[in-house]
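Let me begin by presenting the structure, written as C-alpha cells, before commenting on it.
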Amino acid sequence: MNKRVLFVDWETFFDSKGGYGLKEISVTEYVRDSRFKPHGIGYQYLDQDKAHWVSGEHQLAAFIGSVDWANTTVVAHNVKFDGAILAWRYGVKPYLWVDTQALGKAALGEQVSSYSLRSLATYLGLPPKGELTCDGVLEPSAQQLAELGEYCKRDVELCKGIYEKLMPQFPQNQIWHMDWTIRAFVEPRLSLTENVLVAGVQKEKERREAAIKASGLDKRVLASNQQFARHLQSLGIEVRTKISGRTGKAIPAFAKTDEGLAVLQRSNPCLYAARIASKANLLETRGESLLRVARTGLFPFDVGFSGAVQTHRYSGGRGAGGNPQNFTRNSFLRDAVSAPEGHSLVVGDFAAIELRILAWLANEPQLIHKIINNEDVYSSFASLFYKRTVTKADLVERQFGKCAILGLGYGMGGDKFQATVKNQLKLDISDGDAYKTIRLYRTTYFNVPKLWQFAANVIPLIASDRIASLHFAPFIKVRKNALVLPSGLTIRYPNLRRVGDEWVYDVYRKKYESEPTKLYGGKLIENICQALAGELCKEAIGRLESEFKVPCVGQVHDEILAVMPTAAAFVAVEAMAEAMQQPPKWWPQIRLKSEVGYGPTWSTAKK
DNA sequence: AAGCGGAGCGCC
DNA sequence: AAAAGGCGCTCCGCTT
C-alpha cells in the first residue's frame with residue numbers, strides 16, 4: 001500500500017504569565033499537563049494544494065479517526081511537539097515521523113543561523129510566516145479561532161514547502177534514523193524513579209548550603225565575579241586575571257581549572273568550597289527538572305537528529321527535563337533512569353571508537369596491532385612515558401595514558417593537554433612533561449601527524465570545484481566546500497577560503513552573524529572521526545531493531561540503550577555485542593568492539 | 001522586564 | 001600553529 005504524507009501543526013492553549021508555555025516548561029510536562037487544551041490542528045496531504053483547519057473536540061476526534069495512520073508519514077516542524085500530542089493525547093502511531101526542523105539541520109547545516117519555521121521559510125524563499133499570539137486565551141472567540149486557523153494553515157503550507165525543498169537533498173537511507181529519534185521521544189519506554197531524584201536533589205542542596213554557611217558570606221557575593229573579586233581583595237588575596245579569548249579583555253581567573261582558584265583552594269579551602277557551592281550545578285538543576293518530568297509519567301529520551309550540524313551526531317534535546325547526553329557519570333541522575341517492571345536496560349558502549357577510527361584512517365600499525373591483539377593501548381603508552389611497565393593496576397599512570405591517547409589524536413598542544421589532565425585527572429603536570437608527552441605521542445604514532453598533514457593538503461581541494469574522494473578514507477567524497485559521508489550526509493565548510501596562510505570557513509556562533517572559523521588538518525580529521533563514529537552507532541541501532549528485534553530507547557554518542565523483558569536480557573546482550581561489532585559495508589577492514597551489560601537502571605547496566 | 005553575549009562546565 | 005572538537009544548560013551582567 002502506498003504511504004501518504006501528511007503535514008500537521010497543532011495550535012494549543014498556552015499562558016506564559018501562568019508559567020504554562022514551552023519557554024517555561026518542557027514539551028513533556030506541557031503536553032501531559034491538566035491545563036492542556038488544543039485549539040485545533042492544521043493539516044495538508046502532500047498531494048493537496050491547500051491546508052485545512054479543524055477545531056472543536058468532536059471535529060478533532062473525527063479527523064483523527066479518519067486518518068489511516070499506519071500508512072501515513074506524519075511531518076511537522078519540531079515534530080516531537082505535534083507528535084507528542086498525537087501519540088499521548090490521541091493514541092496515534094503513524095508509519096513514520098519526519099521533522100522539517102531536523103531536515104533543515106541535516107540538509108543546510110551552518111548555512112543558516114536558525115532552524116525556526118520562519119527562518120527556514122525565509123532562507124528557502126517561501127511566503128512569509130504569519131504573526132499571531134494568543135497567549136493566555138483559553139476560549140478563543142469565533143473570530144480569534146478563525147484567525148488562528150488561517151495562521152496555522154500558513155504554517156502547515158510552509159512546513160510542506162520546506163519538506164519539498166529539502167527532501168531531495170536528504171539521503172533517503174537516513175529517514176529511518178530520523179524516525180527513530182522521534183520514536184525514542186514520543187514512545188517512551190524508560191521510567192524515572194521519583195524518590196531517587198528527591199533524595200539526590202536534597203543531598204546536593206544541603207551540601208551546597210552547608211558550604212556557603214561555613215564561609216559566613218552572602219551567596220550573592222560569592223556568586224558574582226565582581227563582588228567575589230572585591231571580597232578577596234579586602235582579605236588581601238591577590239586576584240589573578242586572564243585574557244578573554246572572545247573579548248580580549250582581562251577577566252578574573254575564576255574557573256575551576258584556573259591556577260588562581262587552585263591557589264585559593266590551598267590557602268583558603270573553606271572560601272574556595274563556598275565559591276564553588278554558590279553556583280547552581282547540573283546535578284541539582286537537572287535533578288529538579290527530571291523530577292518534574294518523573295511526576296508526569298515515563299521518560300521520553302530526547303536526542304535531535306543532526307543536532308550537531310557540523311558532524312551530524314545526535315544532540316541532546318530539552319524536551320524532557322534536559323539533555324540526556326550530559327547526565328553526570330556515577331550520579332543519582334543515571335540511577336533514576338530505569339527499565340519498566342519486569343524489564344531490564346541493556347546498555348552497550350563502543351570501545352574507544354574514535355581511537356579505532358583514527359588508527360585505521362592513519363593506518364598506524366603501532367595502534368592497529370595492539371587494538372587487534374586486545375592489548376591495552378593506554379598502559380602501553382604510559383609505559384613508554386614512565387619508562388617502566390604500567391599495567392591496569394597502576395590506576396593513575398594508566399589514566400594518564402588514556403588521557404593522552406584519547407586527547408592527542410587531533411593535534412592538541414601542550415597548554416591544552418596540561419589543562420585537560422588537570423580537569424579530568426585532577427593531576428598537575430609540568431609544562432615540560434606536557435610537551436614531552438605530546439612529542440612522545442607524535443613520534444610513537446607518527447602516522448597520525450602524517451594523517452593531519454594529508455588532511456591539511458586536502459583543504460585546498462575541498463575549497464576548489466573538483467570532485468574527488470579522500471585517499472585515506474575512500475568512502476568519503478570531496479565536493480565544493482564539503483565532505484560527503486558514507487550515509488550521504490554532508491560535513492560543510494561554508495565559504496572555505498584562505499586568509500593569509502590560514503584556511504577559514506563561516507560558522508554561526510552568534511544568532512544573526514556568522515564568524516570565520518579556522519580549519520586545519522587535525523580539526524578536519526576530528527570532524528571526520530566524530531562523524532564516522534556517529535554513523536557506526538546509527539547503523540548498529542538500525543541492525544538491532546530490524547535484524548535482532550531489540551527495541552532501542554536511547555543513544556549517547558557511542559552508547560546504545562535498549563529495553564528488554566528481563567528473561568530475554570541476556571540474549572539481547574549478545575545481540576547488541578554482535579550488532580555493534582559488525583564492521584560497516586563501506587569499511588570492512590575496521591575492527592570494532594563493544595562492551596554490553598544489563599540491569600534495572602542505567603547505572604547498573606553500564607559496566 | 002526581556003533578551004543577549006560571555007563564561008564556565010556537564011557529557012562524549 | 002603539528003592549533004583537539006562536538007554539543008546543551010546555567011548564571012551573571014549588560015543592553016534594550
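Chain naming here is simple, since letters A, B, ... match the order of the sequence lines and numbering starts at 1 in each.
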Would you mind classifying the nucleic acid contact of [X] as base, sugar-phosphate or nothing, using non-hydrogen atoms under 4.0 angstrom?
| X | result |
| --- | --- |
| A:Phe327 | sugar-phosphate |
| A:Gly316 | sugar-phosphate |
| A:Gln310 | sugar-phosphate |
| A:Ser244 | sugar-phosphate |
| A:Lys242 | sugar-phosphate |

Tell me the interatomic distance from [X], atom [atom1], to [N], atom [atom2], rounded to whole angstroms.
| X | N | atom1 | atom2 | value |
| --- | --- | --- | --- | --- |
| A:Asn423 | C:dG5 | CG | C1' | 15 Å |
| A:Lys105 | C:dC7 | NZ | C1' | 10 Å |
| A:Ile525 | C:dA3 | CD1 | C1' | 15 Å |
| A:Leu261 | B:dC9 | CG | P | 8 Å |
| A:Gln418 | C:dA3 | CD | C1' | 16 Å |
| A:Leu532 | C:dG5 | CG | C1' | 15 Å |
| A:Ile251 | B:dG5 | CD1 | P | 17 Å |
| A:Asn281 | B:dC11 | CG | P | 11 Å |

Q. Can A:Thr296 and A:Glu29 be counted as having a side-chain donor-acceptor contact under 3.5 angstrom?
A.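 No, no side-chain donor-acceptor pair sits under 3.5 Å.
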Please tell me which of the listed nucleotides, [options], lies nearest to the side chain of [X]?
| X | options | result |
| --- | --- | --- |
| A:Tyr505 | C:dG6, B:dG10, B:dG8 | C:dG6 |
| A:Ala255 | B:dC11, B:dC12, B:dG8 | B:dG8 |
| A:Arg313 | B:dC12, C:dA2, B:dA7 | B:dC12 |
| A:Asn323 | C:dA3, C:dG6, B:dG10 | B:dG10 |

Using only atom types and a distance under 3.5 Å, with no angle test, would you say the side chain of [X] pairs donor to acceptor with the backbone of [Y]?
| X | Y | result |
| --- | --- | --- |
| A:Thr241 | A:Val239 | no |
| A:Arg286 | A:Asn323 | yes |
| A:Thr28 | A:Gly319 | yes |

Q) What are the residues of residues 481-503 of chain A, sorted by number, that bring a heavy atom to within less than 4.0 Å of DNA chain C? A)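 DNA chain C contact set from residues 481-503 of chain A: A:Asp501, A:Glu502.
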Q: List the protein contact pattern of nucleotides 10-16 of chain C with one symbol per nucleotide (5' to 3'): B for base contact, S for sugar-phosphate-only contact, - for none; contact means a heavy-atom distance under 4.0 Å.
A: SSSSS--
Taking only the side-chain nitrogens and oxygens of [X], find out if one of them lies under 4.0 Å from OP1 or OP2 of [N].
| X | N | answer |
| --- | --- | --- |
| A:Arg439 | C:dA2 | no |
| A:Tyr520 | C:dG5 | yes |
| A:Arg442 | C:dA3 | yes |
| A:Ser315 | C:dG8 | yes |

Q: Answer yes when A:Glu204 and A:Arg207 have at least one side-chain N-carboxylate O distance shorter than 4.0 Å, and no when they do not.
A: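 A:Arg207 and A:Glu204: salt-bridged.
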Q) Looking at residues at least two apart in the chain, or sitting in another chain, which of them share a side-chain contact (heavy atoms from CB on, under 4.5 Å) with A:His557? A)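 In terms of side-chain contact (heavy atoms from CB on, under 4.5 Å), with neighbours along the sequence ignored, A:His557 is linked to A:Arg313, A:Gln325.
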Q | For A:Val79, all residues meeting side-chain contact (heavy atoms from CB on, under 4.5 Å), sequence neighbours excluded | A |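 Applying side-chain contact (heavy atoms from CB on, under 4.5 Å) to A:Val79 gives A:Ala76, A:Trp97, A:Asp99, A:Ile182.
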Q.
My understanding is that only residues two or more places apart in sequence, or in another chain, count here; which of them pass salt bridge (Lys or Arg N to Asp or Glu O under 4.0 Å) with A:Arg118?
A.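 A:Arg118 satisfies salt bridge (Lys or Arg N to Asp or Glu O under 4.0 Å) with A:Glu131 once adjacent residues are dropped.
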**Q.** Parallel, tilted or perpendicular: ring planes of A:Tyr505 versus A:Tyr493, cut at 30 and 60 degrees
**A.**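 Perpendicular.
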Enumerate donor-acceptor pairs with a distance under 3.5 Å from any side-chain N or O in residues 409-417 of chain A to protein atoms, sequence neighbours excluded.
residue: A:Tyr410; atom: OH; partner: A:Glu354; partner atom: OE1; Å: 2.8

Q: Tell whether A:Gln530 reaches the base of C:dG5 with its side chain through a donor-acceptor pair below 3.5 angstrom.
A: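 Per atom types, the contact qualifies.
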Q. Less than 3.5 Å between a donor and an acceptor, one on the side chain of A:Asn326 and one on the base of B:dG10, is that the case here?
A.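 Checked by distance alone, the answer is yes.
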Q: Examine A:His177 together with A:Phe305 and report whether their ring centres are nearer than 6.0 Å.
A: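 No, too far apart.
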